[in-house]
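Below is one structure, written out as structure tokens; the observations come after it.
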Amino acid sequence: MSKVLSAVAWPYANGPRHIGHVAGFGVPSDVFSRYMRMAGHDVLMVSGTDEHGTPILIAADEAGVTPQELADQNHRIIAEDLVALGISYDLYTRTTTRNHTAVVQELFTGVYDNGYFIEQTTYGAISPSTGRTLPDRYIEGTCPICDYPSARGDQCDNCGNQLDPADLINPRSRINGEVPEFVETQHFFLDLPALADALKVWLDEREATGLWRPNVIRFSQNILEDIRPRAMTRDIDWGIPVPLDGWRDNPTKRLYVWFDAVIGYLSASIEWARRTGDEDRWREWWNDPESLSYYFMGKDNITFHSQIWPAELLAYSGKGDKGGKPGEYGELNLPTEVVSSEFLTMEGKKFSSSQRVVIYVRDLLSRYQPDAFRYFVAAAGPENQDSDFTWSEFVRRTNDELVAGWGNLVNRTANMIAKSFGEIPAAGELGAEDQALLDHVDAAYGVVGDLIGRHRQKGAIGEAMRAVAEVNKYVSDNEPWKLKGDDERERLGTILHVVAQCVADLNRILSPFLPFSANAVDAVLGGSGEVQPMPRLEEADDLDGGAGYPVITGDYTGAARWERSPIKVGTPVSKPVPVFTKLDPAVVDEELARLTS
RNA sequence: GGGGAGGUAGCUCAGUCGGUCAGAGCAGAGGACUCAUAAUCCUUGGGUCGUGGGUUCGAGCCCCACCCUCCCUACCA
């Protein structure tokens, strides 16, 4: 049994999340975590809402509310959506807690004391009316290269060239149209070059495991070649104060997201431990070098997780070129594996809220079962390359694979048992093909589990579904419905017992992917319906006297084990109600109409 | 401009170390069956593996060039 940290990307609080987001980090991390718990590992799964930064400020201004109010609203929406998807966080929190502020500041102090911050003067744009940094992408003007009048400060959408906002002709703020002011400003830069050697050692070691996805390790190694200091503070008033004299009370200097959100993995772990009443318990996952940590995210976040965050951990632990010693948190573990997904597209196009190419999690779940979506993501999601969500494919996967394959097997099994015995029958003597099927399905625990452990969920669910087909074939081959005579009753009982055992096994094997229906299927076969425990939304007090907030938490110790458990002969089984809902093909057109209306 | 990924059956994709690697599912065609949400099971057609070279006894697989698609590109979180 290992300590396993499941570190899940922090959704940004500028609005509700769409299905592309949760396909990238939510479903894969939950499948992995549920499986690892079943396999007997001690999993700590944490995440939260990322609430600071310029886009929140702008969205709040537009909505006429304070940034905190906006973040409050969206944090709640996002958390509700994640619960509805069944993502089994031990703690899902947020970045505006006092705990998080304290942890971030402790990390800053540790990195600072070890000498890995460089103070530099930079030249950047600010908004004259607010004094806030104006990020490059929020400045527009005429492109100095192609004269395109609406070039962005970072890049011209017309000619594609990278730009420096100071070179724009007639620069103006995209937020309020005012002319930006270019000023000199002081910032702390993380001295990444001083950590590059240590990062390289770590990455080489990770590469040698052969476990990382090829594109992730390659990308990570690649960006190491051109490494330079990166600013960890901003001129902004919405964020965590810099814990140094002269900076602490300066209302326009705040820590940047790169020294804020990623630290949430640690602060959430600490918050979780404090809430359990054993406040040092987080150390089992962070200080013990034997502990494993898996970080789940979309590919746009690889840089954060394979460079910035490990660099911060190394700097805090005093393990870069400049030496140093760990702060009060001790030496902290670097990621075991950065598990990055690619992107989901939507009917062939990039998700875009502004262009209405979007399906929000909430909308999807208001009309469809969460497990149908989870099945789609596991079977056809952006695991290794971008993949496309189309309504027709969603309907097809749901109807032809999930309902017709698995759902129907459950249903026909329960129906036959209910009709002929009314309870799980005992098996007589097993024939060769009975035993072969039982062995085949039992072996699926190993095959599927191994694939999930290696983050090959498409392959894993494919193997599970292949086993489903085997059982369907066994039923067809043995034609139990023809065994009506008294002299055939023992054989009938044997066949139905074998099938029921296989269905119970496959239900466990599929349960990390389909947790809601796993519980329902278990109940159909007369079980307690407690294969997969569910997360719950809870109103929590801030541990340090701040405002309360909703968190996601749960007790997952009751999850079924990842191994065969013999079914109980005599368990009553009544005529089942179908667990899975077949979709009307008309929803394809309905949904497409909804997209364009 | 630089970096990365991908182009395999009508569709979605598997193909690990170069040697039954020309595959699966779905869709199409035919059949069986009726326990089951018209579900299931069996049979079957279909591909110059992006293009052109090269290495090799042998290449989706390795090398070179080219074409096409997508992603990233460091103050965007």
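Below, chains carry the letters A, B, ... as their sequence lines are ordered, and counting in each starts from 1. Values reported hereafter were calculated over all heavy atoms of this structure, with side chains retained and with hydrogens, waters and symmetry mates removed.
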Over all strands shown, is [X] touching base, sugar-phosphate only, or nothing at heavy-atom distances under 4.0 angstrom?
X      : value
A/P480 : nothing
A/N399 : nothing
A/H52  : sugar-phosphate
A/E342 : nothing
A/V395 : nothing
A/R213 : nothing

How close or far is atom [atom2] of [N] from atom [atom1] of [X], stated in whole angstroms?
X      : N     : atom1 : atom2 : value
A/E463 : B/G25 : CD    : P     : 13 Å
A/L402 : B/A39 : CG    : P     : 14 Å
A/N384 : B/C71 : CG    : P     : 18 Å
A/W10  : B/C76 : CH2   : C1'   : 20 Å
A/L57  : B/C76 : CG    : P     : 15 Å
A/H187 : B/C75 : NE2   : P     : 13 Å
A/W391 : B/U12 : CH2   : C1'   : 18 Å
A/E401 : B/A24 : CD    : P     : 15 Å

Using the [atom1] atom in both, what is the distance from [N] to [M], to the nearest Å?
N     : M     : atom1 : value
B/C41 : B/C33 : C1'   : 8 Å
B/C11 : B/G47 : P     : 13 Å
B/A27 : B/G45 : C1'   : 13 Å
B/A22 : B/C26 : P     : 23 Å
B/G60 : B/G50 : P     : 10 Å
B/G52 : B/G46 : P     : 23 Å
B/C17 : B/A29 : P     : 40 Å
B/A77 : B/C66 : C1'   : 38 Å

Exercise. Can you tell which of A/D260, A/D72, A/D50 makes a salt bridge (Lys or Arg N to Asp or Glu O under 4.0 Å) with A/R94?
Worked result: A/D72
Exercise. Of all heavy-atom pairs between A/G381 and A/K458, which one has the smallest distance, and what is that distance?
Worked result: O-CE, 3.0 Å
Among [options], which nucleotide sits nearest the side chain of [X]?
X      : options             : value
A/A231 : B/C75, B/U37, B/C35 : B/C75
A/N472 : B/A77, B/C41, B/A24 : B/C41
A/V403 : B/C35, B/A77, B/U37 : B/U37
A/K419 : B/A77, B/U37, B/C35 : B/C35
A/W481 : B/U40, B/U37, B/C35 : B/C35
A/S387 : B/C42, B/A77, B/C13 : B/C13
A/R466 : B/A24, B/A77, B/C35 : B/A24
A/N222 : B/C42, B/C75, B/G3  : B/G3
A/D400 : B/A27, B/C35, B/A77 : B/A27

Using Watson-Crick or G-U wobble geometry with both distances below 3.5 Å, tell me the partner of [N], or none.
N     : result
B/U55 : none
B/U16 : none
B/C49 : none
B/A5  : B/U69
B/C26 : B/G10
B/A39 : none

For this session: Under 4.0 Å from any atom of RNA chain B, heavy atoms only: list the residues of residues 404-416 of chain A that qualify, in numerical order.
Result: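 Per residue number, the list reads A/A404, A/N408, A/N411, A/R412, A/N415, A/M416.
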Exercise. Starting at the 5' end of RNA chain B, which residue's closest nucleotide do you reach first, A/Y12 or A/K482?
Worked result: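 Per heavy-atom nearest nucleotide, the more 5' residue is A/K482.
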Exercise. Starting at the 5' end of RNA chain B and moving along, which residue's nearest nucleotide shows up first, A/R234 or A/A469?
Worked result: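 The answer here is A/A469.
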Exercise. So, A/D235 and A/K253, do they make that salt bridge, N to O below 4.0 Å?
Worked result: yes
Exercise. Is a salt bridge present between A/R491 and A/D434, judged by a nitrogen-to-oxygen distance below 4.0 Å?
Worked result: yes
Validation row: [X], [Y] side chains within 4.5 angstrom (heavy atoms):
X      : Y      : result
A/E591 : A/R367 : yes
A/V339 : A/W212 : no
A/T494 : A/H497 : no
A/R396 : A/E401 : yes

Does a nitrogen or oxygen in the side chain of [X] sit under 4.0 Å from OP1 or OP2 of [N]?
X      : N     : answer
A/Y256 : B/C76 : no
A/K582 : B/A39 : yes
A/R254 : B/C75 : no
A/K575 : B/C35 : no

Exercise. Taking the chi torsion of B/G60, is it syn (within 90° of 0) or anti (everything else)?
Worked result: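 Here B/G60 takes the syn form, which means its glycosidic angle is within 90° of 0.
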Exercise. Are the aromatic rings of A/F373 and A/F394 close, with centres under 6.0 Å apart?
Worked result: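 That pair fails the under 6.0 Å test.
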Exercise. Between A/W391 and A/Y368, does the ring centroid distance fall short of 6.0 Å?
Worked result: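 Ring centres of A/Y368 and A/W391 closer than 6.0 Å.
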For this session: Using the ring pair (Phe, Tyr, Trp, His ring centres under 6.0 Å) rule, pick out the option among A/Y116, A/F188, A/F117 that qualifies with A/F259.
Result: A/F117
For this session: Using the ring of A/F189 (Phe, Tyr or Trp, six-membered ring only), decide whether A/R228 places NZ or CZ under 6.0 Å from its centre and within 45 degrees of its axis.
Result: no
